Amino acid sequence: QVQLLESGGGLVQAGGSLKISCAASGRTSGNYAMGWFRQAPGKDREFVASIRWPGGNKAYADSVKGRFTISRDSAKKTMYLEMTSLKPEDTAVYYCAYGSGIILSSMSSSNQYDYWGQGTQVTVSS
């Protein structure tokens, strides 16, 4: 079992920045990926970014490339998402996800992730 705890969501003005975190605890494997997905009201959950252990391979959705940066602290089993140049359309609940043995080409697929956090709300005002 893996537990995920997100933190850092909030309200920010358009053009601003916000950093959210996800700490993993429990029995993690030596080869896994953690990712961020988001869901806006009335929309499907969508991929945002993900990062793999080991190796640090990263993947981003086109909509956030150049604005969002995913990173990790391996010792703390914590993943971060630095969000800059935020837009109102970035408003959503952001979910942290964990999956073991995810290959590079599948990092953006939500069905590859086995564990999910409760989500943290990010609201960008115009």
Side-chain angles (χ1 to χ4, degrees):
Q1 287 284 344
V2 175
Q3 295 78 43
L4 303 172
L5 182 62
E6 300 116 330
S7 61
L11 174 64
V12 63
Q13 287 189 331
S17 300
L18 197 64
K19 187 174 184 178
I20 56 178
S21 304
C22 175
S25 60
R27 198 179 185 91
T28 57
S29 72
N31 180 352
Y32 62 94
M34 291 180 71
W36 290 102
F37 292 78
R38 67 186 182 186
Q39 187 166 21
K43 294 188 177 181
D44 293 333
R45 189 173 296 187
E46 64 174 3
F47 169 74
V48 176
S50 62
I51 187 166
R52 291 206 316 172
W53 274 260
N57 305 94
K58 301 175 183 179
Y60 294 95
D62 289 342
S63 59
V64 306
K65 279 181 182 176
R67 299 189 300 122
F68 290 10
T69 302
I70 193 169
S71 62
R72 62 178 185 171
D73 183 326
S74 296
K76 296 181 178 178
K77 292 183 183 178
T78 299
M79 173 180 66
Y80 306 95
L81 187 68
E82 180 82 40
M83 302 179 287
T84 64
S85 301
L86 282 161
K87 306 174 182 179
E89 50 264 43
D90 294 318
T91 295
V93 177
Y94 283 69
Y95 295 92
C96 171
Y98 166 97
S100 59
I102 298 178
I103 61 175
L104 277 172
S105 60
S106 297
M107 289 172 68
S108 62
S109 300
S110 61
N111 60 12
Q112 297 294 308
Y113 294 83
D114 304 307
Y115 299 95
W116 294 81
Q118 293 299 306
T120 186
Q121 177 71 46
V122 172
T123 303
V124 184
S125 62
S126 57

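What you are looking at is a predicted structure, and each value in this text was computed from that prediction instead of being measured.
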(message) Looking at every non-hydrogen atom in both residues, tell me the closest pair between Arg67 and Ser85 and how far apart they are.
(response) NH1-O, 3.0 Å
(request) Treat each ILVMFWY residue as a node, draw an edge where side-chain heavy atoms are under 4.5 Å apart, and state whether Tyr113 and Ile20 are in one component. (result) no
(message) For the NZ atom of Lys19 and the CG atom of Leu81, what is their distance to the nearest 0.5 Å?
(response) 10.0 Å
(request) Taking atom CG of Asn111 as the centre, report whether more than 12 heavy atoms of other residues, nucleotides or ligands fall under 6.0 Å from it. (result) yes
(request) Look up atom OG in Ser100 and atom CH2 in Trp53, then write down how far apart they are to the nearest 0.5 Å. (result) 13.5 Å
(message) Count I, L, V, M, F, W, Y as connected when their side-chain heavy atoms are under 4.5 Å apart, and connections chain through other members. Are Tyr95 and Leu86 then in the same cluster?
(response) no
(message) Can you give me the closest heavy-atom contact between Ala24 and Val2, atom names plus distance?
(response) CB-CG1, 4.4 Å
(request) Give a yes or no on whether Tyr115 and Ile102 share a hydrophobic cluster (residues Ile, Leu, Val, Met, Phe, Trp, Tyr; joining criterion: side-chain heavy atoms under 4.5 Å apart). (result) no
(request) Determine the minimum heavy-atom distance between Tyr80 and Ser21, stating which atoms define it. (result) CD2-OG, 3.2 Å
(request) Working to the nearest 0.5 Å, report the span between CZ of Arg38 and OG of Ser63. (result) 4.5 Å
(message) Would you say that Arg27 contacts Gln1 through its side chain, given a criterion of any heavy-atom pair below 4.5 Å between the two side chains?
(response) no
(request) Verify the distance criterion only: is there a donor paired with an acceptor across the side chains of Thr84 and Glu82 at less than 3.5 Å? (result) no
(message) If you compare all heavy atoms of Gly119 against all heavy atoms of Val93, which two are closest, and at what distance to 0.1 Å?
(response) CA-CG1, 3.8 Å
(message) Count I, L, V, M, F, W, Y as connected when their side-chain heavy atoms are under 4.5 Å apart, and connections chain through other members. Are Val64 and Met34 then in the same cluster?
(response) yes
(message) Any heavy-atom pair between the side chains of Leu11 and Ser125 that's under 4.5 Å?
(response) yes
(request) Please answer whether the main-chain N or O of Ile70 pairs with a side-chain N or O of Tyr60 as donor and acceptor at a distance below 3.5 Å. (result) yes
(message) I'd like to know if Leu4 and Ile51 are part of one continuous hydrophobic network [Ile/Leu/Val/Met/Phe/Trp/Tyr, side-chain heavy atoms within less than 4.5 Å].
(response) yes
(message) Donor-acceptor pair, distance only, cut-off 3.5 Å: does the side chain of Thr91 make one with the backbone of Val124?
(response) yes
(request) Over all heavy atoms of both residues, which pair between Cys96 and Met79 is shortest? Give the atoms and the distance, please. (result) SG-CE, 3.7 Å
(request) To the nearest 0.5 angstrom, please state how far the CE atom of Met83 sits from the CG atom of Leu18. (result) 4.5 Å
(message) Do Glu6 and Tyr94 have side chains that approach each other closer than 4.5 Å (heavy atoms only, starting at C-beta)?
(response) no
(message) Whether Lys65 and Asp62 form a salt bridge (side-chain N of Lys/Arg under 4.0 Å from carboxylate O of Asp/Glu) is what I want to check.
(response) yes
(request) Please round to the nearest 0.5 Å and tell me the distance separating atom OG of Ser126 and atom CD of Glu89. (result) 10.0 Å
(request) Quick one: closest heavy-atom pair of Ile103 and Arg52, and the distance? (result) CA-NH1, 3.7 Å
(request) Flag the pair Gln112 / Ser50 as yes when at least one side-chain heavy-atom distance between them is below 4.5 Å, and no otherwise. (result) no
(request) Please test Leu5 against Ser25 for side-chain contact (heavy atoms from CB on, under 4.5 Å), starting from the C-alpha separation and ending with a verdict. (result) CA-CA 8 Å; Leu5 182 62; Ser25 60; over 6 Å; no
(request) Would you please indicate if the ring centroids of Tyr98 and Tyr32 are separated by under 6.0 Å? (result) yes
